[in-house]
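Let me begin by presenting the structure, written as structure tokens, before commenting on it.
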Amino acid sequence: MPELPEVETTRRGISPHVIGHRIERVIIRQRNLRWPISRRLQQSLPGQTVCCVGRRGKYLLLTTAAGTAILHLGMSGSLRIIDAATPAATHEHVDIVLDNGRCLRFKDPRRFGALLWTTRSPAAHWLLSELGPEPLSTGFTGECLYAQSRGRRLAIKSFLMDSKIVAGVGNIYANEALFLAGIHPQRAAGRVSRDRYERLAQAVRAVLRASIREGGTTLRDFINGEGKPGYFRQLLNVYGKTGDPCPHCGQPIRERRIGQRSSFFCPTCQH
DNA sequence: AGAGGTACCTGGCAGC
DNA sequence: TGCTGCCAGGTACCTC
């Protein structure tokens with residue numbers, strides 16, 4: 001489900017309900033996510049006040065004076081703020097109960113998500129320490145893409161989805177950004193010019209910003225902190241559009257598997 | 001070192 | 001209607 005815009009939408013949605021509130025308790029119905037939720041987290045969070053809800057790539061960071069909860073939504077995860085008394089439905093694995101009678105409820109049918117605890121700087125955590133630049137920060141440039149791609153033969157789409165290269169770009173937005181930049185997804189990363197990488201960096205920024213503005217993309221079940229879907233799906237150019245006319249030239253959009261992921265492109269506009 | 005494949009898990013859908 | 005196989009927004013880890 002969630003790529004950077006969906007995680008950012010979630011962050012913005014939950015922040016006002018969580019920041020400044022004390023955590024009363026943590027209810028865990030299913031401990032076995034991608035990694036088991038630690039007893040340490042369950043013991044450490046109660047009594048703490050959330051001072052900040054941050055994001056790094058697709059990771060959400062709930063910061064307290066005692067440490068930081070690192071949360072990843074995996075493929076199917078969502079978070080919402082609801083009344084703490086609401087009975088839990090299936091796959092609603094964790095409640096972080098707040099002092100205002102509400103709770104942050106984590107649902108994740110496929111359990112590819114994660115909830116970890118660190119007492120150190122989250123940036124030093126092994127999950128985050130290798131991440132590339134934030135795509136909406138000034139550290140993300142066409143030049144850095146160009147420099148890291150020299151000599152690499154893998155498909156540029158797989159390169160763009162590598163979190164060590166840039167954080168938070170998943171399958172939907174990699175497809176969309178490559179379309180906007182006019183680059184064929186299967187082109188070898190090392191055979192794209194500096195100028196075209198500059199266009200690609202701009203396209204990544206543009207598509208992520210536009211999606212955040214629309215509250216993210218809901219394909220099936222993404223909801224924000226208020227339980228509402230995102231509307232960027234209506235603005236997708238190529239993702240999931242096999243056979244539809246290209247918005248630029250009218251040629252049918254093609255689909256191909258690249259790196260085990262469905263990829264969509266216009267055979268005329270992208271090369 | 002880089003590239004590619006596998007595994008984790010559940011649910012929805014197409015096709016028979 | 002019910003079964004089977006395939007697909008899905010991610011990413012760590014394995015092998016070649």
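Just so it is clear, the values below take in all heavy atoms, side chains as well, and ignore hydrogens, waters and symmetry mates. Labels below follow one simple rule: chain letters A, B, ... track the order of the sequence lines, proteins then strands, and each chain is numbered from 1.
At C/dG9, one or more side-chain N or O atoms of A/Tyr239 fall inside 4.0 Å of OP1 or OP2 (strictly under the cut-off). Between A/Arg261 and C/dG9 there is a side-chain N or O to OP1 or OP2 distance below 4.0 Å.
Checked against the 6.0 Å centroid threshold, A/His248 and A/Phe179 count as a close aromatic pair. Taking the ring centroids of A/Trp117 and A/Trp35, they lie at or beyond the 6.0 Å cut-off.
Going from atom CZ of A/Phe222 over to atom P of C/dG10 covers 13 Å, rounded to whole Å. If you measure from atom CE of A/Met161 to atom C1' of C/dG9, you get 9 Å, rounded to the nearest angstrom. A straight line from CD1 of A/Ile258 to P of B/dA3 spans 14 Å, rounded to a whole angstrom. Atom NZ of A/Lys164 and atom C1' of B/dG2 are 11 Å apart (whole Å). Atom pair A/Lys107:NZ and C/dG9:P shows a separation of 19 Å (rounding to whole Å applied). Atoms CZ (A/Phe159) and C1' (B/dA1) sit 15 Å apart, rounded to a whole Å. Between A/Leu219 atom CG and B/dC13 atom C1' the separation is 15 Å, expressed in whole Å.
Side-chain polar atoms of A/Thr10 and A/Asn224 form no donor-acceptor pair below 3.5 angstrom. The closest side-chain donor-acceptor pair between A/Ser262 and A/Arg257 falls under 3.5 angstrom.
Distance check on atom P: C/dC7 versus B/dG5 gives 14 Å, rounded to whole Å.
Between A/Arg56 and A/Glu134, at least one side-chain N (NZ, or NE/NH1/NH2) sits under 4.0 Å from a carboxylate O, which counts as a salt bridge. Residues A/Glu92 and A/Arg105 are paired through a salt bridge, judged by an N-O separation under 4.0 Å between the basic side chain and the carboxylate. Using a cut-off of 4.0 Å between Lys/Arg side-chain N and Asp/Glu carboxylate O, A/Lys58 and A/Glu3 are scored as not salt-bridged.
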Report summary line: With B for base contact, S for sugar-phosphate-only contact and - for none (protein heavy atoms under 4.0 Å), nucleotides 4-11 of chain B reads SBB-BBBS
Distances for protein N or O near nucleotides 13-16 of chain C N or O, under 3.5 Å:
none

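A/Ile81 and A/Ile14 get closest at one heavy-atom pair: CG1-CG2, 4.1 Å.
Base pairing annotation: B/dA7 forms a Watson-Crick or G-U wobble pair with C/dT11, both donor-acceptor distances under 3.5 Å.
In this structure, A/Tyr59 reaches the sugar-phosphate backbone alone: every heavy-atom distance under 4.0 Å involves primed, P, OP1 or OP2 atoms, never a base.
With rounding to the nearest 0.5 angstrom, the CG atom of A/Leu200 is 5.0 Å from the CD1 atom of A/Ile156.
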